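Take a look at the structure set out below.
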Amino acid sequence: MTLRLHNSLTRRTEDFVPADPSRVTMYVCGPTVYNYVHIGNARPPVVFGLLARLLKRLYPNVVYARNITDVDDKINAAAKEAGVPIEGITGQYTAAYRDDMARLGADVPDVIPHATAHIAEIVSMCERLIDGGHAYAAEGHVLFDVASFPDYGRLSGRSTEDMIAGARVEVAPYKKNPADFVLWKPSTPDLPGWDSPWGRGRPGWHIECSAMAEKHLGETIDIHAGGNDLMFPHHENEIAQSTCAHGGRTFARYWLHNGMLTFDGKKMSKSLGNVVVLHELLEEHPGELLRFLLLKAHYRQPLDWSETALQQARATLDGWYTTLRDLADAPAGADGASGAADVEAALFDDLNTPAAFAVLAKLADAARAAKTPAERSAAKSALLAGGELLGLLQQDPEAWFKQAVGVDVDVEEVERLVAQRAAAKKARDFAESDRLRDLLLALGVVVEDTPQGPRWKFVKADERAA
Ligand SMILES: [Zn+2]
């Protein structure tokens, strides 16, 4: 099966052919760790983590790198505001990001380079760019000379005039050209800084990705991915730096960009006050539910986040997990290949997750309709295998319904009440069993009696009322 990917650079969907099938490389731009990320920032690690998972099914050695930007003016500002050292901010939010990504089931990168651990590589790249006539030092800064790279703007398809207007570039006296961008800048004593040939300073943002990709993946990488908000200027600048530092050799062979998230149809922004913080969402919803919604739309399309979308996603996942719970007695074997193959075929077509979800829905329908023990086992295996590729449906169905996310109830206490109710029913004390049923309902727990005994699940307050 051929993996096809939409390459932003050529604006076409192409067969993916790695430069060296014995070592396939991918770089995804990671977070700047100064705060909790918003839900939109979770789309690239989930989507491109899924791509890494597919690549690993095709190639024996895939190196997936996703950086941590731990030196940045936003970090400096956050540290100043909180009255703590820079490392206090970066340490806290790097750990929070790692934990939140784990709860989303985002595939863990093979390399997680930190910018501050690559200052020597960054300085070396600046020096090579200066030596090659692509950068210049001025007043403690090092600037990339955009005029030295005729391909500048090719990825984003912008003219130099558009780029200057769009980026609201800083016109500074030390710049030869307003579009020239900072590779290195001077630090005052109160700011983080490192000694360099241009004095004590710190790197600009763009150069760190070029330096870390070079160090861990090589001069030419197979895939570079990120949000389409990074296409300009960040990715355009990465291409300029790396290509010029490497004697004109291609930096990234395939560029992938995901669409942005909107909230109830509006752009998420601080000024509109509708920024949805991932860490807070995870207090209210299971990580798997958020993962489902992040993958539901095709990655290149915009994704509209809303309460309604969350409820619909919850209903779908509840339905699929109900099917799996009804099949609890059917052994799942290793014969789920057909289910996995159809999901894989959809994903190999430029990560067509909507098509993959449609396959899962069909597999769930088939599993619900299965009659004989052999049919039930096969259908369950297929649904589980298809879900596994997408990082879904791998929990014990009982655990899915009993996870106490967004509810303030002790699961053991619920289990005790459910058992008491069952005992009351058995003793034909219906007044007591009804009382316990109502008590459980007040806790947000619905009990259902089945031939195998009672089973229960948490429901949201609005469903309880319905
Ligand atoms: Zn980057």
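Both counts, for ligands and for their atoms, begin at 1 and track the order of listing. It should be emphasised that the depicted structure is a prediction, and the values quoted were computed from it without experimental measurement.
Note on residues 51-100: pairs passing ring pair (Phe, Tyr, Trp, His ring centres under 6.0 Å), not counting sequence neighbours, are Tyr36-Tyr93. Applying the salt bridge (Lys or Arg N to Asp or Glu O under 4.0 Å) test to every pair with at least one member in residues 10-21, sequence neighbours left out, gives these pairs: Arg4-Asp15.
Residues Asp318 and Trp400 bring a donor and an acceptor atom of their side chains to less than 3.5 Å of each other. The closest side-chain donor-acceptor pair between Tyr321 and Glu288 falls under 3.5 angstrom. A donor atom on one side chain and an acceptor atom on the other are found under 3.5 Å apart for Glu214 and His246.
A search for side-chain hydrogen bond (donor to acceptor under 3.5 Å, both in side chains) contacts involving Asp145 returns nothing, not counting sequence neighbours.
Listing protein N, O or S atoms at distances below 2.8 Å from the Zn ion (ligand 1), with waters left out, gives Cys29 SG, Cys209 SG, His234 NE2, Glu238 OE2.
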